[in-house]
Amino acid sequence: MGIGDKDASFQFPCTIHVLCLASPQDPTIQASVSMYKKIIDIYGHGGEVCIPESTLSLDSTQKMFCQFFEEHCSPFHGVLECGHLECNIHIFPKPQVYSKSHDFEDVELEVCHNIKIVGFLDTSDVASPPFISRHLVFPLPPQTANTDAGASDEAIGDTGKIPSFTVLLHGSLKVENMVAICQVGSEWYGMLYSWADPHKKKSNLMLSIFEPGVKSLPWLGKFTHLAPHQIFTASPYGEDDNKTPFPVKITEKRSYSLNHVGWIKPAGLQADIQKVLRHARKLPEKMPHFYKELNRVRKAALSYGFTELLDALSAMLDRECRLLPGSAHPDAALQLSHAANALRTEMARDITQTITPMSTKYSSIINEAR
Amino acid sequence: MAYPVSHKTVFVLDHGPAMMASSKENIDFDVFNKSRGPGIIPLAPVTKSLWTCNAEAAVEYCRIVYDLFPDDKLVQFVASDTSATSLNSWQHKQQNVQKLLDCLVVLGPPGHKTDPSDCSIVHGLTHAVEVLCELTEKQQDVRLALEETETTLQNKGRIICMTSLKSDRHVQSLQEAVQEAIIQHNQLSANADSFMPLNYCELVFVHVRPVGRKSDSISSPKKSVSPLLSVEVHVTDSGRSVATKVVGLAQRHYELFSTTVTGIPMKEEQNSGSSANYDVELLHSRDVHLEALNSGNTEGLLIQSKEGLPSQSLTLKWCTPKSNIMELQNCVGAYRVTPVDVNSRPSACLTNFLLSGRAVMLEQPRKGGTRLISHMLASHGGEILIHILSSTRSVLEDPPSISEGCGGRITDYRIHDFGEFMKENRLAPWTDQNIACDPLPLQRSENHLERMTRVWPIAIGDTMIFNMLSHLDPLPSLIVKDKLDDDEVLECKKAIYHVVGMESRNEPLPVPNAGLRTKGSKREEQYRQMWTELETLIKVHVSNSPQHQKVLDCFTDCHKTDGGNTSTIKQRDEAIMELETDLAVKELDTFVLLNPSTK
């Protein structure tokens with residue numbers, strides 16, 4: 001496999017760091033470094049090539065590794081807040097700086113030291129939101145955020161006995177199947193929830209960070225416009241917790257929710273004509289449906305300047321009229337020929353007009369067909 | 001900042017009489033005569049004009065753009081005949097398919113009576129340039145935001161011109177006309193308020209010819225004419241091909257890709273007893289399959305589009321939903337989708353199924369044993385999104401157990417109580433999503449949480465008062481409110497007096513089983529702790545409102561934490577009697593009000 005061979009890449013996003021165990025004076029190292037940089041570029045998720053500062057030795061190697069750890073593996077210590085309740089936390093893996101060029105702005109953000117819970121939601125309402133990264137949240141003891149590497153077992157045992165808000169939060173979120181919405185930066189939000197590793201059946205508190213932005217999850221509405229449910233006059237969750245204010249409905253319907261007319265393919269046109277015919281064959285019972293479909297087809301034909309269709313439809317309705325069995329209701333023939341004639345008039349090409357049922361002695365009420 | 005060209009697109013539609021020529025593609029519409037028996041002569045097929053096919057194709061382009069990008073991708077129609085007319089504007093409320101259809105109706109088809117020599121597509125093209133110099137609402141906001149900085153807004157746009165071109169020279173003269181128009185309008189827009197010079201324009205010609213007519217090949221790939229303008233020419237037959245061509249352009253312009261959902265079980269239309277499997281092709285952002293497409297791991301997944309689009313489509317298999325309960329999925333992206341053929345019965349079935357609230361998992365059909373569920377389709381508040389599910393291993397496997405960490409050995413956390421607390425602090429969307437009040441709704445949520453957590457012990461063993469709520473209610477739940485009415489103050493006082501009474505009768509306090517984590521188990525010490533906690537609780541809320549002060553006053557009157565009570569038992573009993581009399585009188589008044597006959 002050579003460089004540039006697509007099969008050589010991993011099937012998952014992968015950051016590669018290369019730490020060279022060689023002296024910087026080594027003549028072959030320059031070629032190697034540029035090769036490694038190429039590999040990192042191919043895998044496309046960043047990475048670094050490090051070489052010791054001075055001649056290869058235990059000291060210089062240690063120094064190189066220590067610098068690397070400081071930069072790439074330092075833990076993220078922060079504080080989890082919920083009103084006055086708070087807890088020192090360690091988040092793993094360390095949240096990355098968010099840096100992205102959007103259509104109209106360049107955004108660069110860092111996760112805050114203080115993760116602030118702003119409220120709670122049911123898991124079903126939050127509806128599998130997309131996250132840009134996920135992190136485990138571990139409680140730290142209250143006094144210090146930096147634990148020494150050589151802490152004694154006794155010291156750790158003590159911290160096990162100090163109540164921690166993080167543990168309480170996790171337990172309650174798990175029992176109630178809820179999530180805590182939190183703010184992780186300026187106009188940047190995430191959620192905390194109980195996550196269980198499916199294999200080992202252990203659960204932990206997890207932080208999922210959403211895409212930055214106040215409207216990054218449209219079905220929750222704007223994050224800045226989430227209010228405590230108690231300040232509404234009528235509880236949005238209902239008296240018996242039997243309803244939910246989510247999802248926030250979109251303001252304009254999409255084409256698949258509307259009765260969009262699509263005649264690009266013949267099948268679309270045929271289907272709409274068939275609808276008109278089906279109702280035509282059941283006149284006068286289906287009179288409102290017939291006129292509704294007729295006007296819908298007429299309006300679409302006028303939108304696209306497809307006037308030939310009106311003549312064709314007119315001919316079709318004439319034929320339906322001729323083919324009516326003798327047992328058919330007399331009003332059927334009257335309505336069919338009325339509709340066929342109407343389609344041939346100037347009025348049919350005027351969108352402000354609607355073709356309405358003919359008033360006959362059989363239909364005392366004129367049904368408004370729209 | 002990308003300042004994409006796709007933010008503003010102008011469709012210049014040739015509205016000259018030549019467009020009324022037939023597309024020469026027959027459409028059979030009289031196809032339902034099987035049940036009528038022989039002898040029925042089908043009606044002659046209809047044909048659409050060039051204009052009709054172009055209009056349908058342009059509307060289809062818009063349908064896709066508005067479904068996938070309802071906010072920041074705008075389209076304007078311009079009709080060009082003896083002059084140019086904009087059918088809609090850049091205003092958000094005019095950016096929808098219904099508006100375009102209404103405007104097309106009013107416009108009507110090209111007039112037979114118009115003299116072809118008076119018509120020119122140049123009118124439409126120069127008007128399109130003028131319109132691209134207008135700033136959209138979004139651009140005006142961005143320009144305002146950038147005022148403090150050194151960066152300037154870049155104004156770019158695209159013109160898609162659907163017309164009949166005569167030759168390469170014709171194309172040449174048209175592109176010169178557009179170049180000239182850009183320079184002129186840039187000068188005019190330089191100092192205008194809601195206009196801005198055009199930094200770059202992409203001009204796309206779609207030359208449409210009736211089916212079967214051969215014409216000189218004038219198609220050409222995109223090439224730069226000047227720093228301000230690039231031009232490309234596409235050639236297509238009229239009829240269905242125009243729509244295919246234009247949708248193909250939409251895929252390029254908005255970086256769209258297609259997914260074919262296979263194996264959707266649907267009841268047969270004719271025979272509702274049986275069901276068959278159908279496919280539905282969906283369009284969405286290319287990012288939905290970014291990993292797969294970039295890594296090239298698409299063996300067996302890519303097929304040619306079954307809807308006739310010029311691109312490939314990635315197949316995913318429908319997984320029959322097992323239960324209605326939606327678990328939290330690990331989702332790394334969510335994008336809007338729209339069906340390629342929105343009217344077909346399978347598409348309608350799929351979209352209706354999703355809109356009714358059911359979600360569907362999609363599986364990559366892989367050879368070999370393992371199933372890979374890679375995506376999920378779900379609707380949210382009326383729009384359908386495709387979620388990308390994380391299918392890679394994560395670094396978070398094998399996490400440590402909670403009992404091993406800080407606070408892990410505590411067994412009496414107030415889990416149930418905090419659960420109730422969380423439910424009381426649930427969020428709901430404010431009805432007016434555009435309100436700009438101070439404080440914003442979220443700030444009110446934070447204020448609410450702050451008030452609720454001034455006193456909140458997290459373990460049972462850390463508190464006395466939260467283990468004796470039956471004696472103290474409703475004081476703990478009332479005192480946290482930001483306002484108290486007279487009745488509520490009375491209720492709080494009642495609770496204080498009740499506990500005072502308990503102490504005077506030396507009743508035992510309900511100490512938690514595990515014992516208190518604080519000192520002493522003697523009743524005296526327990527009461528002392530209880531009073532301290534209660535005092536703290538009332539004091540932290542005294543600033544909420546003047547009424548709260550009354551509760552604190554009552555507490556102070558009854559009990560001081562420095563030792564004995566200030567009032568004698570007799571005085572206290574008198575105070576209790578007075579309180580109970582007040583309450584009784586009030587209750588009597590209420591009774592009389594409700595039962596006037598008893599007066």
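Only this structure's heavy atoms are used, side chains among them; waters, hydrogens and symmetry mates stay out. Letters go in sequence order (proteins before strands), and every chain restarts at 1.
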Exercise. Which residues in residues 311-318 of chain A have any heavy atom lying under 4.5 Å from a heavy atom of chain B?
Worked result: A:Ala312, A:Ala315, A:Met316

For this session: Give the ring-plane orientation class for A:Phe165 versus B:Phe418, where under 30° counts as parallel, over 60° as perpendicular and anything between as tilted.
Result: perpendicular

Exercise. So, A:Glu308 side chain and B:Thr47 main chain: donor-acceptor pair closer than 3.5 Å or not?
Worked result: yes

Problem set entry | Shortest non-hydrogen contact between B:Ile458 and A:Ser164, atoms and distance | CD1-C, 3.6 Å

Exercise. Can you tell which of B:Pro109, B:Ala428, B:Cys53 has the highest number of heavy-atom pairs within less than 4.5 Å of chain A?
Worked result: B:Ala428

For this session: Could you look at B:Glu424 and say if it's the side chain, the backbone, both or neither that has a heavy atom under 4.5 Å from chain A?
Result: both

Exercise. Between B:His380, B:Glu450, B:Arg426, which has the largest tally of heavy atom pairs under 4.5 Å with chain A?
Worked result: B:Arg426

Exercise. Donor-acceptor pair, A:Asn204 side chain versus B:Pro400 backbone, under 3.5 Å?
Worked result: yes

For this session: Mind ranking A:Thr166, A:Val167, A:Leu302 by heavy-atom pairs under 4.5 Å with chain B and telling me who comes out on top?
Result: A:Val167

Exercise. At a heavy-atom separation under 4.5 Å, does A:Gln270 approach chain B through its side chain, its backbone, both, or neither?
Worked result: both

Exercise. When heavy-atom pairs shorter than 4.5 Å are enumerated against chain A, which of B:Gly381, B:Ala55, B:Ala348, B:Gly408 gives the highest number?
Worked result: B:Gly381

Exercise. How far apart are the C-alpha atoms of B:Leu442 and A:His225, what are their side-chain angles, what is the distance that settles it, and do they pass the side chain to side chain contact (heavy atoms under 4.5 Å, CB included) test?
Worked result: CA-CA 6 Å; B:Leu442 193 67; A:His225 287 61; over 6 Å; no

Seminar exercise, completed: In short, salt bridge (Lys or Arg N to Asp or Glu O under 4.0 Å) pairs touching residues 262-272 of chain A with sequence neighbours left out are A:Lys265-B:Glu307, A:Lys265-B:Asp341, A:Asp272-A:Lys275, A:Asp272-A:Arg296

For this session: Give a yes or no on whether a salt bridge exists between A:Arg319 and B:Asp30, defined as a side-chain N under 4.0 angstrom from a carboxylate O.
Result: yes

Exercise. Is the closest basic N to carboxylate O distance between B:Asp67 and A:Lys253 below 4.0 Å?
Worked result: no

Problem set entry | Counterpart residues, side chain to side chain donor-acceptor pair (under 3.5 Å), relative to B:Lys73 (two or more places apart) | A:Asp103, B:Ser6

Exercise. Is there a side chain to side chain contact (heavy atoms under 4.5 Å, CB included) between B:Trp51 and A:Tyr304 once you walk through the steps?
Worked result: CA-CA 8 Å; B:Trp51 164 259; A:Tyr304 295 122; over 6 Å; no

Seminar exercise, completed: So, the part of B:Val332 with a heavy atom under 4.5 Å from chain A: the answer is both

Seminar exercise, completed: With sequence neighbours left out, the residues meeting side-chain contact (heavy atoms from CB on, under 4.5 Å) with A:Glu211 are A:Tyr98, A:Lys100, A:His102, A:Ile132, A:Ser216

Exercise. Is A:Tyr237 reaching over with its side chain to a backbone N or O of B:Leu427, donor-acceptor style, under 3.5 angstrom?
Worked result: yes

